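Source: prediction; values computed, not measured. Lettering follows sequence order; numbering is per chain, from 1.
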Amino acid sequence: MARYDPAEIEPRWQAAWEEAGCFVARSGERPKYYVLEMFPYPSGRIHMGHVRNYTMGDVVARHKLAQGFAVLHPMGWDAFGMPAENAAMEQGGHPADWTYGNIADMRAQMKPLGLSIDWSREFATCDPEYYGQQQAMFLDFLEAGLAYRKAAVVNWDPVDMTVLANEQVIDGKGWRSGAEVERRELTQWFFRISDMAEELLEALDGLEAWPEKVRLMQKNWIGRSRGLQFAFSTVGAPEGFDRLEVYTTRPDTLLGASFAAISPDHPLARRLERDDPEVAAFVAECRRTATSEEALETAEKVGMDTGIRVRHPFDESVELPVWIANFILMDYGTGAIFGCPAHDQRDLDFARKYGLGVIDVFESLSVPEPVGDTAFVPPKTEPVRYVRGFAGAEVQTGADAVEAAIEFCEARGVGQGVTRYRLRDWGVSRQRYWGCPIPVVHCPDCGVVPEKKENLPIVLPKDVSFDQPGNPLDRHPTWKHCACARCGGAALRETDTMDTFVDSSWYFARFTAPRAETPTDTAAAGYWMNVDQYIGGVEHAILHLLYSRFFARAMIATGHLPEMCREPFSALFTQGMVTHEIYLTRDDRGRPVYHLPEQVEGGRLIATGAEVETIPSAKMSKSKKNVVDPVNIVRAYGADTARWFILSDSPPERDVEWTAAGAEAAFRHLGRVWRLAAELETLPEGAEDADLRRAVHRAIRDVSEGIEGFAFNKSVAALYTLTNAVRESTAGRAARAEALRVMAQLMAPMVPHLAEEVWRLAGGDGLVVDAGWPEADPAALVEATVTLPIQINGKRRSEIEVARDADRAAIEAAAMADEQVVKALGGAAPKKLIVVPGRIVNVVV
RNA sequence: GCGGGUGUGGCGGAAUGGUAGACGCAGGGCACUCAAAAUGCUCCGCCGCAAGGCGUGGGAGUUCGACUCUCCCCACCCGCACCA
């Protein structure tokens, strides 16, 4: 007999789908469903993480399609970004050629997976048709005051030679390059996301179909805080600095203040450094390391006394010294603080180092003791006794004390309560070539002038070189020379390009009308938006999703999206990673040498027979070589096996471990399923089989529940169970064929090619992709009799068989007649008898 | 430190407060085979010859009954953090 041959089956059905146009999204009368997986960066190779991501999306898309929805399931490419430039620098060639070549390669790797993608909507963000529309929106944002320019201290990535937004600095390192970030001042373009901080925070509550974890991460990122802003009057400060504004979230500790401190970037520090070489040297030193948060974390707290004093707002006779300190951030609050060493560990460390006072403000109710080397910082919700309180009760929580202190200060004209956010405006300028050019010109007469929309797209020049560091746009001989859009005189083009997060902040909207002559087509967006199910990695929990939420609002404000798109992703699912064991040997110096899984068999290197060390599973990474290439898997077993295995075992939100044995097993199982269908024709006609019918309907219920609940592993398990039931069935050919047709429908979202083949072999009409989704018949789910466990004192001791609809009395009678129960009771009556019909009997003796 | 999450056989994992371990992997046995692969049948939480006992990170509690609910503790993972 022939064998399961995915290499023959899969291309055949892919061609059939293509010919029938099954996956072309068509708007119409039917309810719509928009499934989107986070689009990939075109690195050139797909990896197992992609396979997992797109397979999950495909299961949802195919399931909804079967249920009769008009499904939009598009794919595109997040195609701008530095790797293309790095490749150009390292290997020569042009970023565009590299990128489009990679896209072609990756598309060719993805197509054999048999995803139900509407490829007619495909685009890359580096297509001028796309980024030209992005430029048009930028101009609208600019006009609406959502984009602006400011001189700002920025994070400079010395490796990528580019600026990073604060949000993109992770542990003081560039989120992509990993290089230590330095401080530099440049004039940058920003989006006013911080104006929307409150709105973005509040709206999180409405995102009920988002993981709680992601909402919390965004909440923490936005970082709303309540505090007091007030001004110290200064003594001995330079002209124009007679007041020093500070912000504090702990105004209740004002009587514990022993010093004030300002950021090295504070205007006062900048003023002082002009005349004082010592200050200049100190702040220069701070700036060398200061923005690297990791360095700050480990670096010693250092400061310098300016000699300036400030008067305490409650007692003019008390003067506090003003220090410049390396741990004060200019970006947060006012860039100046007062130090309360007793109740802040940083302040305490600083005070101990420089011999500043430590004044207790409150103490613990249980073990009051003065502060030593550890600041007393209880949770704000915990009541404490105020020994230097000035507002509210003597014993109160920190939170209450803060509110009382704000009220007290406001009443006396000492500052005001302020709500602040950690979220800062989104810096989008990048001094790079391979990005969307910012469509403005710099005119000597008119200043910064928006480009005319009819001149869009401002296209990147093709003739550039990458043999020097810096921005190729800037040193291009002619590109930046242009006419001023206002006066027509000679002007210079902006040579900054946009952060690639801009590209990915609206692609989901563009998919609804990918060829529109405007950024969006409001009718199409109104029909398809919002994304009903968005699926991607949790690594995008903050930046990408927050920026997209901002963009949706900005696009509404500029008329590019209807009001209903305020939250563009109705439901979000964050999938776990694909992991694999790591294999290594040691070189002669004991350093690890990693080996690919395909080079190892039975704990030994295939080539040399040397034993390998095995490290437990970790995220697949090229450096550890614990990677499996999906192309090889598809070649060896077919796409359905890869899809089946990646969906089985682990719940989608958790990590899944790829194992060769698991892949083999998945392939063997699909072979068994295929054989069940292929053997049908040799089967005699015969009776129906009630057990089989029940198994089919249970499978319908369980597979549906699994898919709807994003528990594809449970759907897979239900299909295994059904396969076993079909195999064990005594039913004749017709009944088995019917069961297999339902099985094909249920399998179709996960292993669509095999499902088509089984559907055909079992005599199904047309394509299973058009066959709809089966409904479970509740009547078919129940059995005539049920087995009830009997517990004696809560421990299972026996079981009885009763009719499904047996009433309580009948069950009791049956239970009391049970041998184990009779034995346990020894003639006495039970103390208690619990009967849960259909579930359990518990006899208490 | 703060916030969140996770913890179940050798492994991945199932389980509206109601038979813990579905389903799969790995492993053992058997059949088919000259042999292997493939395939099929079968066993498989731990201790024990058995009867039975013990079992969901640990400890208490609620309940007729707890993986599930409550409290305390432990371990690991993730996120955030000189945020004033």
Under 3.5 Å, N/O pairs linking protein and nucleotides 36-42 of chain B:
{"from": "B/G40", "atom 1": "OP1", "to": "A/R727", "atom 2": "NH1", "distance (Å)": "2.8"}

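In this structure, OG1 in A/T641 is found 9.5 Å from CD1 in A/I633, a value given to the nearest 0.5 Å. With rounding to the nearest 0.5 Å, the separation of CD1 in A/I262 from CG in A/L268 is 4.0 Å.
Residue A/T721 has no polar side-chain atom (N or O) positioned under 4.0 Å from OP1 or OP2 of B/C23. For B/A84, neither phosphate oxygen OP1 nor OP2 lies less than 4.0 angstrom from any side-chain nitrogen or oxygen of A/R226. Phosphate contact (OP1/OP2 of B/G24, side-chain N/O of A/N724, threshold under 4.0 Å): present.
The nearest whole Å value for the distance from the CD1 atom in A/I542 to the P atom in B/C80 is 5 Å. Straight-line distance from the CH2 atom of A/W221 to the P atom of B/C78: 17 Å, rounded to whole Å. What separates CH2 of A/W658 from P of B/C25 is a distance of 15 Å, to the nearest Å. The nearest whole Å value for the distance from the CG atom in A/N220 to the P atom in B/C78 is 17 Å. The interatomic distance linking A/E212 (CD) with B/G5 (C1') rounds to 12 Å, in whole Å. Per the geometry, CD belonging to A/Q218 stands 15 Å off C1' belonging to B/G4, to the nearest Å. Regarding A/I834, its CD1 atom lies at a distance of 12 Å from the P atom of B/U63, rounded to whole Å. Distance A/N793 CG to B/C64 P: 12 Å, rounded to the nearest Å.
For the salt bridge (Lys or Arg N to Asp or Glu O under 4.0 Å) test, no residue two or more places apart in sequence or in another chain qualifies with A/E664. With sequence neighbours excluded, the residues forming a salt bridge (Lys or Arg N to Asp or Glu O under 4.0 Å) with A/R215 are A/E212, listed by chain and number. Partners of A/A325 according to the side chain to side chain contact (heavy atoms under 4.5 Å, CB included) rule, which considers only residues two or more places apart in sequence or in another chain, are A/A261, A/F327, A/I328, A/F350. In this structure A/R796 satisfies the salt bridge (Lys or Arg N to Asp or Glu O under 4.0 Å) test together with A/E799, sequence neighbours excluded. Qualifying side chain to side chain contact (heavy atoms under 4.5 Å, CB included) partners for A/K831, counting only residues two or more places apart in sequence or in other chains: A/V844. A/I840 meets the side chain to side chain contact (heavy atoms under 4.5 Å, CB included) test with A/P789, A/Q791, A/V836; sequence neighbours excluded. Applying the salt bridge (Lys or Arg N to Asp or Glu O under 4.0 Å) criterion to A/R388, with sequence neighbours excluded, gives no partner residue.
In this structure, B/G9 is classed as syn because its glycosidic torsion stays within 90° of zero.
Distance noted for atom C1' between B/C71 and B/G18: 24 Å (whole Å). A distance of about 16 Å separates the C1' atoms of B/G7 and B/A20, rounded to the whole Å. As rounded to the nearest Å, B/A14 and B/U8 have C1' atoms that lie 10 Å from one another. Nucleotides B/C32 and B/U16, compared at atom C1', are 46 Å apart to the nearest Å. For the C1' atoms, the distance linking B/U56 with B/C46 amounts to 13 Å, nearest Å. Atom name C1', nucleotides B/G28 and B/C44: the rounded distance is 8 Å, in whole Å. Nucleotides B/G17 and B/C78 place their C1' atoms 30 Å apart, quoted to the nearest Å. As rounded to the nearest Å, B/A75 and B/G40 have C1' atoms that lie 45 Å from one another.
Remark: nothing in residues 698-710 of chain A comes within less than 4.0 Å of RNA chain B through any heavy atom.
The shortest distance between side-chain heavy atoms of A/M56 and A/R52 falls below 4.5 Å.
Under a cut-off of 6.0 angstrom, the local environment of CZ in A/R243 is sparse, with at most 12 non-hydrogen atoms contributed by other residues, nucleotides or ligands.
In this structure a side-chain-to-backbone donor-acceptor pair under 3.5 Å is missing from A/S194 to A/R424. With hydrogens and angles ignored, the 3.5 Å screen pairs a side-chain donor or acceptor of A/R643 with a backbone N or O of A/P749.
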Taking protein heavy atoms under 4.0 Å as touching, what does nucleotides 12-17 of chain B look like 5' to 3' if B marks base contact, S marks sugar-phosphate-only contact and - marks none?
BSSSB-
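Position along RNA chain B of the nearest nucleotide to A/I328 versus A/A661 favours A/A661 as the more 5'-ward residue. Along RNA chain B, the nucleotide nearest A/A336 and the nucleotide nearest A/M217 are compared for position; the residue whose nucleotide lies closer to the 5' end is A/M217.
Residue A/L216 is in sugar-phosphate contact alone, with no base atom involved, counting any heavy-atom pair closer than 4.0 Å across all strands shown. At a threshold of 4.0 angstrom between heavy atoms, the contacts of A/L833 with the nucleic acid are absent. Within the 4.0 angstrom heavy-atom criterion, no nucleotide atom of any strand lies near A/R215.
Residue-to-nucleotide contacts include a donor-acceptor pair under 3.5 Å from the side chain of A/N842 to the base of B/C64.
Distances from the side chain of A/A717 to the nucleotides B/G24, B/A22, B/U19 place B/A22 closest.
Side chain to side chain, A/Y247 and A/S225 meet the donor-acceptor criterion of an N or O pair below 3.5 Å. Side-chain atoms of A/Q416 and A/Q229 form no donor-acceptor pair, as typed in the model, at a separation below 3.5 Å.
For the side chain to side chain donor-acceptor pair (under 3.5 Å) condition, the pairs that include at least one residue of residues 712-725 of chain A, sequence neighbours left out, are A/W644-A/Y720, A/N724-A/R727.
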Can you give me the dot-bracket string for RNA chain B, 5' to 3', counting Watson-Crick and G-U wobble pairs with both distances under 3.5 Å, using [ ] for crossing pairs and | for partners on another strand?
(((((((..(((.....[....))).(((((.......))))).(((....)))..(((((..]....))))))))))))....
